[in-house]
Every structure is written in structure tokens, then in C-alpha cells.
Protein chains: 2
Amino acid sequence: MNRRKAPESKKIILEAAGEVFAERGYSGTTIREVARRAGISIGGIYIYFQNKEELYLELTRDHMESFRKHTEMLRDKEPLAALKSLIEYHLDYAIKKTGLVSMHIKEYDLEFKKNLKKTFFDSQQRLVTDILKNGAAKGIFKDINCKETAEVILFSLRGAILDYLFGQISDLKKYGESLYRLMLNGIRRAA
Amino acid sequence: MNRRKAPESKKIILEAAGEVFAERGYSGTTIREVARRAGISIGGIYIYFQNKEELYLELTRDHMESFRKHTEMLRDKEPLAALKSLIEYHLDYAIKKTGLVSMHIKEYDLEFKKNLKKTFFDSQQRLVTDILKNGAAKGIFKDINCKETAEVILFSLRGAILDYLFGQISDLKKYGESLYRLMLNGIRRAA
DNA sequence: CGTTCACCTGAACATGCGTTCACCCTTCCG
DNA sequence: CGGAAGGGTGAACGCATGTTCAGGTGAACG
């Protein structure tokens, strides 16, 4: 038997689960594997978590909250710098936590995380909208529809990450640069 | 017993499989359900397909080939029109075949369809690159890196579809317009 | 020492899956 | 008529999973 204090056990389980979820996604993850990697028994998991869903939700909540906090800090920057940093943060995150990001895409459907996801996406949307509004007010950006444009920027960013997961592009940061330039200047030659 | 000619049975199975795969994805699809919907027995499926993989591959090959053929026709159009039509074709397809598109994203990983996918993506990449090269030659576009820009356009498009699947945007065509405008003109106010 | 309680165990259960295979019809030919 | 061939059946097999629960085990306390 492997004896520990309750909070420590919980932490160890969460860490193991983080690894396994990242490697195998939600449905691919087995309690047996999490238990094995946490060095605890199958039943031991159920002392701390009602079920697999709860384990997943607790982890996801932590990750999203941490992401949100980091990006919120960009509000203090100048619009152009904020936009660039936001792109970089997203892409760096995708590179460092590829497994987790992949999981969220592959299992975007899961009913029980719907609320969590909506909150997260909306916060990102609000942030970019505010950056654009700020830039428009300062005369840096054109008189665009900020909310709509914010969504376009965000989904393009997510598309880059998707292509990275697909193995279609390898140097993600380079494409972040490209996207940034394209978004600012467009491809059409001025009249 | 439900007696038919072999080719007809095969076709019916493929159609049923198309439905079920679109609804439930690859791993979520059960042979039992495909059989039920095709009005044939479980064993009957295995007369025509070695296994679930083969069923999936045959379907996917058909869909990708049809998509490719339709988009290849855009080569005849003027660059701006071609770009716009390409965006529209992608988005219309995502709207009409949401289930299938969702499946390909959720299960992008599947080892056995890797080649098929790579071929498909590369053909799209080549098409957009050629449209951009054409536009650059005609002086419509700036002197951009066509290959890189093509990829940016494609992943942004895929990002829009992803956001649509996520339920983050509902009027996909509207965002297609936005993306097109943004890609052409950018958001930065001219100096 | 005995008791208690927090912590832990893993075989067992219920479920669901892809796949196999021994067998069954129906048609058609000689 | 016999029998071969094409088309079809679904119970059974092997395996994997989330979850339960009857029962350990160690440490702390009186």
C-alpha cells in the first residue's frame, strides 16, 4: 500500500491525469492508466473524484483559468504589441501543451464541459475586441467592426494551431508572423 | 433475409456508413448500427468490407476526391473571384456536411488515413498557391510569399469552420466575407 | 495494548465493442 | 432432381472499460 495525506494524493492524481489526458484525450484515457501512473490503486482514484468527468473538469478549469490570467495582462500593452503578444502566447501554448490543446479540439463536443468552454472563449473574444477598439480609438486601425474582426483573428489563430496539429505546418511561430502581417496589411496591392 | 445483388448491397452499406460516421465519428460508429441502418446483418457487412477501417477509407476517398474536383475548377476564374469562391465552397461544404467535417477534425489522428489526408491537404495548398501566383503576376496582389500566404489563408478558413463547429459563430458565411475582406485589405490604417 | 479512522486495495460486475464462423436460404445450372 | 455458388445470418468470443465495494492496513490516541 502507498500511504499519503489526502491533499497530496489528490495532487498526484491530478498531475498523472494531466499527463494521460494530454497523451490520449478524454475518452482514450483509462482510470487504470491514471492510477498506475499516480502510483495508486483504481479504487483510490474514486476516493478523491466521483468519476472521470470530475477529474477532467477540475484539470480543465485550472488550465483555462491560468491561460485567461496570462492573456488578460495584455490589456496594458499598446494595440499592435498586444495583438502580436496574444498571437505569440496562443502559439507558444499550443507548442508547449500540444497534447492538451489537441484533446480540446478532438473532444470539443463533450457536453459536461460546454459551460467551461463557452466562458473561456467569450473571455478571449472580449479581450481581442477591446484591443481592437483601443487601436481604432487611437487611429491605428481602420474603422472596422471590432467584434466581428476579433472573432476572425481568433479563429484564424485557432486554425493555425489546427494546421500545426494536423502536421500541415511545422514552424508554427513563423506562421504566426505571417498571420499578423496579413491581418494588418492584407494582400491586395494598393490602388 | 434481405436479398440483393452484391454491388447494390455495397452501395447501401456505404450510404448507411456515411450517415453514421457523420453522426458519431469513426470510433463512435458501431458496425451494429451501420448494419441496422443498411438493413443487413452484422456479418453481412464483413462480406463487403474487411473491417471498419476499410469502410471508412472507401467513404473518405470518395468525399475527398469529389471535393478536390470541385475546387480544381476554380483555376479558370480570376484570382479575386477564385479566392472568394474557394472560401465559399469550403464554408458551404462545412454547412452541408457538418457531421463529416466534424469527424475529420475530431479524429484527425487516425493513422490509417494519414496518406489520404496529406494528399488532400497538399492539393488544396497547391491550388491556393497557384491562385495567388496568378494574382501576383497580374499585379492584383502584392509581392507576397505565395506558398506561405496560401497556407495562412487555408488555415484561417479551417479555423472559421472550427469555430462554427464549436458553436462560437453561427453565421459562417458572414465570417467568410469578413475573412475575405481582412485578407485583402488588412486592418491597419494606411499611413 | 486496543480501537478508531483515514486511506487504500483490486477482483468482480455490467456494459459495449469488432470480428468470426458454422450455418441457412435462394437461385440457377446440368 | 442434385448440388454448387452467391448472398446472408446473429450468437458467441475475446477484450477493454468505468465503477463498486467488501475488506485490508498504518498511524495516532487513550
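Numbered from 1 within each chain, the chains take letters A, B, ... in sequence-line order.
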If I take atom [atom1] in residue [X] and atom [atom2] in nucleotide [N], what distance separates them, rounded to the nearest angstrom?
X     : N      : atom1 : atom2 : result
B:R36 : D:dT9  : CZ    : C1'   : 17 Å
B:Y48 : C:dT19 : OH    : P     : 18 Å
A:I45 : C:dT9  : CD1   : P     : 10 Å
A:R4  : C:dC8  : CZ    : P     : 6 Å

Any N/O pairs under 3.5 Å between the protein and nucleotides 23-29 of chain D? List them or say none.
none

Report yes if at least one side-chain N or O of A:Y46 is closer than 4.0 Å to OP1 or OP2 of D:dC21; otherwise report no.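 Checking A:Y46 against D:dC21: no side-chain N or O falls below 4.0 Å of OP1 or OP2.
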Can you find a side chain N or O atom of A:S9 that sits less than 4.0 Å from OP1 or OP2 on C:dC7?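 Indeed not, no polar side-chain atom of A:S9 lies that close.
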Side-chain heavy-atom pair B:Y164, A:F155 within 4.5 angstrom cut-off: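 No - every pair of side-chain heavy atoms lies 4.5 Å or more apart.
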Inter- and intrachain pairs under side chain to side chain donor-acceptor pair (under 3.5 Å), touching residues 132-142 of chain B, at least two apart: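 Only B:E78-B:K138 qualify under side chain to side chain donor-acceptor pair (under 3.5 Å).
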Do A:K84 and A:Y180 form a cation-pi contact, if we require the NZ or CZ to be under 6.0 Å from the six-membered ring centre and within 45 degrees of the ring's axis?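 Output yes; distance and angle both within limits.
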Does any pair with a residue in [range] pass salt bridge (Lys or Arg N to Asp or Glu O under 4.0 Å), and if so which ones, sequence neighbours excluded?
range                       : answer
residues 152-164 of chain A : A:E151-A:R158, A:R158-B:D163, A:D163-B:R158
residues 63-74 of chain A   : A:E65-A:R68, A:E72-A:R75
residues 164-176 of chain A : A:D92-A:K173
residues 20-31 of chain B   : B:E23-B:R37, B:R24-B:E33

Who passes ring-ring contact (aromatic ring centres under 6.0 Å, His included) against B:F120, sequence neighbours left out?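 Expected list: B:F67.
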Those residues that, when tested against B:F166, pass ring-ring contact (aromatic ring centres under 6.0 Å, His included) (two or more places apart):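 Checked B:F166 against ring-ring contact (aromatic ring centres under 6.0 Å, His included); matches are A:Y108, A:F121.
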Run the side chain to side chain donor-acceptor pair (under 3.5 Å) check on A:K113 and A:H104 step by step: do they pass? CA-CA 10 Å; A:K113 74 164 170 180; A:H104 283 297; 3.0 Å; yes
Determine which bases of DNA chain D form Watson-Crick or G-U wobble pairs with both distances under 3.5 Å, and write the result as a 5' to 3' dot-bracket string with | for other-strand partners. ||||||||||||||||||||||||||||||
In terms of the nearest nucleotide of DNA chain D, which residue is placed more toward the 5' end: B:A6 or B:I42?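 Checking each residue's closest nucleotide, the 5'-ward one belongs to B:A6.
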same_hphob_cluster(B:L165, A:L110) at 4.5 Å side-chain heavy-atom cutoff: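 Yes, same cluster.
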Pairing residues for A:D109 by the salt bridge (Lys or Arg N to Asp or Glu O under 4.0 Å) criterion, not counting sequence neighbours: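 Testing A:D109 for salt bridge (Lys or Arg N to Asp or Glu O under 4.0 Å), a comparison that skips the adjacent residues, returns B:K106.
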For the residue pair A:H70 and A:Y89, does the interplanar ring angle fall in the parallel (under 30°), tilted (30 to 60°) or perpendicular (over 60°) class?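 Rings of A:H70 and A:Y89: parallel, as their planes differ by under 30°.
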Hey, can you pull the residues of residues 14-34 of chain B with a non-hydrogen atom under 4.0 angstrom from DNA chain C?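 The answer is B:T29, B:T30, B:I31, B:R32.
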What residues in residues 49-60 of chain B put a non-hydrogen atom under 4.0 Å from any atom of DNA chain C?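 Contacting residues: B:N51, B:K52.
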